Every structure is written in C-alpha cells, then in structure tokens.
Amino acid sequence: MSQLFTPARTRGFLRATAAAVALSSVLLTTNCGAAGESGGTAKATAAVPAGFPVTVDNCGVRTTYDRPPSRVVTIHQHPAELMLALGLKDRMVGTAFPDSAVLPELKEDYEAVPELARKEPSFEKVLDAEPDFVYGGYGSAFAEKEGRSRTAFADAGIDTYLNREYCGKKKVTMEDTYDEVRTIGKIFGVADRADKLVTDLKSRVGRAAGKVEGEPDVPVFVYDSGDKAAFTAGGKSLGTELIRLAGGENVFADLDDVFGDVSWEQVIERRPEVIAVYDYAGAGSVEQKKRFLLSQPALADLPAVRNKRFVVLPLTATLVGIRSAYAVDDLARGLHPESFR
C-alpha cells in the first residue's frame, strides 16, 4: 500500500487536482458567460470525442475510455513500434526495454521518445513520467513481484493494456496481430489509421506468401538460445505460423507450448534444412550463436549446418506487433531464395 503514496504519485496527484480545479473554474466561468449572453445553458464538460466512450476487454481487465489516452509509456519494443506506426509519437512520454534495432522508418521517432530504462522500469520510474496509459509487451511488464501489477497502476489512476499474446490464449496467429493493431487504433481514436496499417501488413504477408506458393515446405529449426539443450519455438508460437506462411515447416511444431527446451539429439533426428536464429539483447550475438552451432561436431551433418543456411530474425519480429509481417518476407527469402530472383 505504501507504493501508492510515493512522492512522485503525490506530485502527480497534486498537479492533477490543481488542473481539475482550474478546469472546473474555467468551465464554470464559461458556462455562466454563455448563459448570460444567450439565455440558454452550456455544457459544463468538454465534448466527448467521436467514437467514444470505448470499452475494451484485455486479458481479463475491462476498461472504458472516455477519450484517447494522451500520455503513454510503452514497456518493451514491439508496443512502441506499433504506436509509432499508427502515428502516435505525440502521445508517448516514455519507452523501455529495446530488444533489437528499430525499424529504419521508425528510428527517428523512436529515439525522440525518452527511454526510461534498458529493462523494465520500476513502478516509481513509470509514475515519474506521469502517464495515463501503460502498454506492456511481455507479461513481465506488469510483474506483481516487482510492484508493477495492473492493479497497482489502476490504484494510481493509470490505465493499462497488455499485448494479447500474453493473455493465455492457446495459440497465437497473424489474426492476433491484426486484432492488436485495430484495438490500439480504437483506444486512441485512430481506427482509420489502424485499418490502413492492417491492410498494409496483410499485403506484405500476401506478397511474400504468393512468391513461395506451391514450393515444397522447408524444414526449419528455430534456435533461440541454449547450449546443453536448445531453447526453441513451439507449435503455439507466432513463429510457427510465420514459418508456414513463408513456405516452411517448424520441425518442433508438435511442441505444445510457445517456447520450450529440446535435446540436441531431437534436433539431429529432425534434420532441419534451415536454422532461424532469433536475435535479441542479452542472449549472445547472432555471430556467437552461429559459431556455436557450426562448432558442434554432433551437428556437423545437419543439412542446415553443413550448408550454413541461417535466417536471422529479430525477436521482436516474431511477436504480436507490426514486425511479424516483415518477418514473413525475410523468412520466405531465406527459405526459397530462388523465388525472389
């Protein structure tokens, strides 16, 4: 409970209270003037924006927005990129936890938003930015043990939204990406921009998938990390669908999870022809991962290792966000290069 009465929150509360009092005075004065001049009555509250109120159910939390959020903190990179792709830079007051290089077309806008932390920021650090909305990419954005639960933010008067990939759904697909874009567009009153972005993302996927249509599926092993065992993408991951759309087949699609450990013996048995290397901060560089795979005598006979066929994907490109559409193209080019000549 003591977290709710930090100096930062007190400062924010006092500023909010002062602003509310000032606004009430202005509205009352305006109302009196309008009544005196016209003999009618004027509304004492600001007009509700078109399309509002908006009610959204997100991971078991139901929120009604009377107007679009105006001060947003994103935790993790993929929510930030989605916001920027919707032209919402002016609403962003903080980002945190960059995973990989930002899309070139978003780089300038991304760097213009203050970075609160290299990892997940503390609850206090988020409050210092005085947001009215926090958008988390991974479940850890709202880790209760770190004091950042969605309840804690709600008690501080801050709305929250968690990427739908972490709502406990059994399997994630590209439709989740499109729904995520549309929902954020609805919350921020830019549904038209969201529809346009979804159309663009679908077109990207369609062009790449069309190029490899009819080609035989290429067996793909996803290497996230690990040495004693391999940490890989399972059948419930979005990565499995991206591989399918790109003309491949995840050799561990039968793994009943988003991610999981498998033995190197299992990898050898499934004889992948291509290895998709996931690239993200804190898990070793891509070159380190490639060197490890190429240096293992037991893997030397794998077609993917023998032919050095690697496709590198930023981890952010395999999550529910705008990057997933780009990933289909990158994968398709790596799996079926002849189709793009």
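Every value quoted in this text rests on a predicted model; they were computed, and no experiment measured them. All values below come from the heavy atoms of this structure, side chains included, with hydrogens, waters and symmetry mates left out.
A cation-pi contact links R204 to Y326, judged by a cut-off of 6.0 Å to the six-membered ring centre and 45° from its axis. Taking the ring centre of F142 as origin, the terminal cationic atom of R150 falls inside the region bounded by 6.0 Å and 45° from the ring axis.
Within 6.0 Å of atom CD in E338, more than 12 heavy atoms from other residues, nucleotides or ligands are found, so the atom counts as buried in its surroundings. The neighbour count for E108 CD, taken as heavy atoms of other residues, nucleotides or ligands under 6.0 Å away, does not exceed 12. Residue K186 qualifies as open at atom NZ: its count of foreign heavy atoms under 6.0 Å is 12 or below. The number of heavy atoms from other shown groups lying within 6.0 Å of CD (E105) is above 12.
With hydrogens and angles ignored, the 3.5 Å screen pairs no side-chain donor or acceptor of S140 with any backbone N or O of A143. In this structure a side-chain-to-backbone donor-acceptor pair under 3.5 Å is missing from Q77 to F97. Panel note: side chain E81, backbone H78; no donor-acceptor pair is recorded below 3.5 Å. Using modelled atom types, no side-chain atom of D109 and backbone atom of K89 make a donor-acceptor pair closer than 3.5 Å.
Ring centroids of Y278 and Y223 are separated by 6.0 Å or more, keeping the two rings apart. Checked against the 6.0 Å centroid criterion, the rings of F231 and F259 qualify as a close aromatic pair. Here the two rings, on Y135 and H76, have centers that are 6.0 Å apart or farther. In this structure, F133 has its ring center under 6.0 Å from that of F188.
Between D132 and R71 no salt bridge is recorded (no basic side-chain N to carboxylate O distance below 4.0 Å). Comment: D57 engages R62 in a salt bridge, judged by a side-chain N to carboxylate O separation of less than 4.0 angstrom.
With no hydrogens or angles considered, a side-chain donor-acceptor pair links T64 and T55 at under 3.5 Å.
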Could you please spell out the steps behind the side-chain contact (heavy atoms from CB on, under 4.5 Å) verdict for D329 and F340? CA-CA 10 Å; D329 184 74; F340 292 85; 4.1 Å; yes
Take V181 and L82 through the side-chain contact (heavy atoms from CB on, under 4.5 Å) test and state the conclusion after the steps. CA-CA 7 Å; V181 172; L82 197 160; 4.0 Å; yes
